[in-house]
Amino acid sequence: MKYYITTPIFYPNSSPHIGTAYTTVAADTLARYHRLQGDQVHFLTGTDENAQKIVRTAEANNTDPKIYVDGVVERFKELWQALDISNDDFIRTTEERHQVVVQRIFTKLFEQGDIYKSEYSGWYCTPCETFWMENKLINGKCPNADCGREVELLKEESYFFRLSKYQGALLKYIEEHPTFIQPVSRRNEMLRFIEGGLEDLCVSRTTFQWGIKVPFDPKHVVYVWLDALINYISALGYPDGENYKRFWPADVHIMGKDIVRFHAVIWPIILMAIDIPLPKVIYGHGWYLTKDGGKISKSRGNVQDSFALIQRYGSDAIRYFLLREMQAGTDGTYSEDNVVERINSDLANDFGNFVSRSLAMIVKYRDGMIPRPGQDGALELELKALSSEVKKAVDESLRKCDPASALEEIWRFVARCNKYVDETSPWALAKHEEQKERLDTVLYTFAECIRIMAILTAPFMPGLPSKICELLGKDERLIRWEEADQWGIAEAGIKVQKGEPLFPRIDLAQYLTAEETATVDKNLNESPESLQAPEFEFEPIKEEITIDEFAKIDLRVGKVLSAEKVEKTDKLMKLEVEVAGEVRTIVSGIAKHYSPDDLVNQYIVLVANLKPTKLRGITSQGMILAASKGEVLEVITINKKLPGGAQVK
Ligand code: MSP
């Protein structure tokens with residue numbers, strides 16, 4: 001089957017941000033999902049460059065509009081690459097291939113009488129690139145809920161597009177096609193809007209020259225929205241291109257709620273007027289808002305550098321966050337501490353931890369070899385039934401353009417897998433020779449669960465499958481969607497590896513200010529279940545000691561002045577630590593878990609009266625404290641400003 005999906009084309013008047021990234025990440029997820037299913041996918045994104053606001057911004061920057069947009073367009077392309085966006089094409093409306101199609105359609109509409117010349121007298125909001133009649137303004141400003149900015153009075157000769165002529169046909173189409181505008185709340189909004197009456201739309205401007213010229217009257221440039229919407233077919237090579245023939249009509253146009261109106265009114269009417277089929281679905285998602293409820297947007301000055309975020313947390317984690325936090329039909333809240341919380345709870349604690357501890361057990365109990373399973377028990381049958389239930393639900397949610405619900409379902413499976421580890425207690429089975437076959441079944445089931453998780457998450461976090469396949473000794477090309485609810489695919493005898501944690505826990509203090517850290521800590525404390533360490537085989541508690549015996553251990557705060565890896569080892573780090581007025585050298589086995597930069601200027605805890613010992617020829621004058629279990633290790637750090645030398649008791 002063919003599948004054609006588009007994002008809106010973005011105004012390159014400023015660099016992209018994390019809010020604008022949502023649409024593209026969501027579209028990418030759907031495109032990847034359809035590719036995994038074997039569909040022939042075409043995924044289009046691009047930039048909307050012929051807007052008046054581009055001219056304004058370029059003027060403000062003392063540069064030519066084309067030079068200005070060329071720079072910003074590169075930022076968009078870089079961001080999409082950093083976020084692993086798999087678009088098949090990128091259209092710029094300043095490209096010739098687009099301009100000729102716009103001119104052709106404009107001329108056709110004029111020739112058939114759907115476009116006529118008259119005079120526009122009314123208002124224009126440049127930030128929204130929208131015409132407004134006087135009676136629609138609110139306190140003389142732009143009535144758009146998200147805008148409210150100054151509008152400008154226009155009085156100029158213009159061409160008009162007869163929207164009014166198509167009002168009845170459009171209403172009938174929407175009524176007869178209940179899934180055309182989604183979700184249903186936006187459909188209802190649009191029906192009310194159209195029933196309110198459509199006025200003919202001004203579709204040309206004469207007061208500036210940046211844009212696509214009306215071919216038969218070149219002092220006019222085509223109104224930017226008429227121009228922009230046509231990108232969805234110009235990029236396919238309308239009317240004769242192979243891609244046009246193969247992919248039109250679009251399966252989904254996905255966009256933010258603010259621009260559904262243009263897609264649900266102007267676009268279908270253009271298509272009806274030139275007599276080609278309408279897109280199957282127009283999907284309007286919510287916005288990403290900040291914690292105080294404002295839309296993330298450049299003009300509000302609340303935009304975080306998306307590149308820095310991706311570098312800090314990784315594309316998979318940022319994609320996961322964006323997709324998970326935008327519930328269908330509502331807005332999502334973005335903040336960096338929410339991102340960290342999601343990473344630590346969903347990705348590190350639930351997903352990553354299952355993968356590392358189950359692989360660690362295959363390594364520990366079967367020397368890394370996936371064993372041949374015995375007979376399934378009730379728990380395995382339950383997992384199998386759940387995997388097919390979850391796959392169905394994911395299919396259904398993605399069909400409805402709702403990645404958040406799909407992820408919720410997948411995490412139901414992840415949670416069940418973690419519970420399965422606790423229920424089967426492989427460490428207890430390993431103690432009894434007669435349980436060997438049962439242990440084989442459990443360990444084999446672990447490998448299958450990991451494989452299924454890799455398939456289910458592949459459309460959302462495209463970096464994961466290759467990492468997981470490497471751990472499972474499997475070829476990434478063997479990841480097939482239809483195998484997400486099939487069992488017995490993992491091959492016995494294959495050697496797995498423990499590997500590095502897929503999602504290391506983020507140490508919040510490393511990135512956030514003290515105030516932000518306090519907020520995050522508070523949030524985390526409010527959901528203690530997300531922090532509970534998964535059960536594992538614990539070392540027995542040691543023999544009791546008296547308080548006097550404990551008092552012999554002199555624990556002190558130490559400030560790390562410098563850190564470097566010890567050459568020719570992969571575990572050891574050499575630290576210079578300031579403690580009670582002296583600088584000590586300490587060698588510690590933490591190099592696999594921290595880079596030297598992570599530790600400099602941190603306040604750690606050390607055993608200050610431990611007899612010095614030589615490690616790799618270096619005398620270590622103390623030992624730093626760290627908590628660890630399995631693959632995870634965290635150095636104990638002190639976040640309050642206590643001096644090096646302060647006592648810990
Ligand atoms: N150029 C037009 C679209 C033309 S499509 C034929 C446009 N561009 S835009 O750059 O302003 O916005 C592009 C998309 O980004 C819109 O879908 C908009 O809703 C989305 N978003 C912008 N800020 C957003 C958030 N804070 N959150 C989610 N989406 C947001 O409109």
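Read the numbers this way: they start at 1 and go in the same order the structure lists the ligands and their atoms.
Because its NZ or CZ atom is both nearer than 6.0 Å to the ring centre of F193 and within 45° of the ring axis, R261 counts as a cation-pi partner of that residue. Annotation: cation-pi pair R246/Y4 absent, no NZ/CZ under 6.0 Å from the ring centroid and within 45° of its normal.
Every side chain to side chain contact (heavy atoms under 4.5 Å, CB included) that R97 has, sequence neighbours left out, goes to D89, I91, E95, A235.
Ligand-side atoms of ligand 1 in range of M255: 17 (O), range being under 4.0 angstrom from any heavy atom. Those atoms of ligand 1 with a heavy atom of H263 less than 4.0 angstrom away are 5 (S), 6 (C). With ligand atoms numbered from 1 in the order given, ligand 1 contributes 15 (O), 22 (C) to contacts under 4.0 Å with heavy atoms of T20. Taking every non-hydrogen atom of D48 and a distance limit under 4.0 Å, the qualifying atoms of ligand 1 come out as 1 (N), 2 (C), 4 (C). Listed by number with element, the atoms of ligand 1 under 4.0 angstrom from any heavy atom of D258 are 18 (C), 19 (O). Counting the atoms of ligand 1 from 1 in the order shown, those under 4.0 Å from a heavy atom of A228 are 6 (C). The H17 neighbourhood of ligand 1 comprises atoms 23 (N), with distances under 4.0 Å to a heavy atom of that residue.
Within the 4.0 Å heavy-atom criterion, both parts of Y11, backbone and side chain, lie near ligand 1. Of the heavy atoms in F262, none comes closer than 4.0 Å to ligand 1.
The only member of Y283, F180, Y232 that meets ring pair (Phe, Tyr, Trp, His ring centres under 6.0 Å) when paired with H263 is Y232.
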Tell me, with the steps shown, if E189 and K257 meet salt bridge (Lys or Arg N to Asp or Glu O under 4.0 Å). CA-CA 11 Å; E189 242 172 77; K257 59 184 179 182; over 6 Å; no

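Taking any N or O of Y22, backbone or side chain, none lies under 3.5 Å from an N or O belonging to ligand 1. By the 3.5 Å distance cut-off applied to N or O atoms, Y232 is not counted among the residues near ligand 1. Polar contact check, F10 against ligand 1: no nitrogen or oxygen pair lies under 3.5 Å apart.
Residues Y223 and F161 place their aromatic rings such that the two centres sit no closer than 6.0 Å.
The residues D84 and R32 are annotated as not salt-bridged, no charged nitrogen and carboxylate oxygen being separated by less than 4.0 angstrom. The pair E409-R324 fails the salt-bridge criterion, with no side-chain N (NZ, NE, NH1 or NH2) lying under 4.0 Å from an Asp/Glu carboxylate O.
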Donor-acceptor contacts under 3.5 Å from residues 264-282 side chains, at least two apart:
{"unit_1": "W267", "atom_1": "NE1", "unit_2": "H253", "atom_2": "NE2", "d": "3.1"}
{"unit_1": "K280", "atom_1": "NZ", "unit_2": "D251", "atom_2": "OD2", "d": "3.0"}

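Within the structure, ligand 1 has W225 among the residues with a heavy atom less than 4.0 angstrom away.
Taking only non-hydrogen atoms, the option from Y288, W267, F76 nearest to atom 27 (N) of ligand 1 is Y288.
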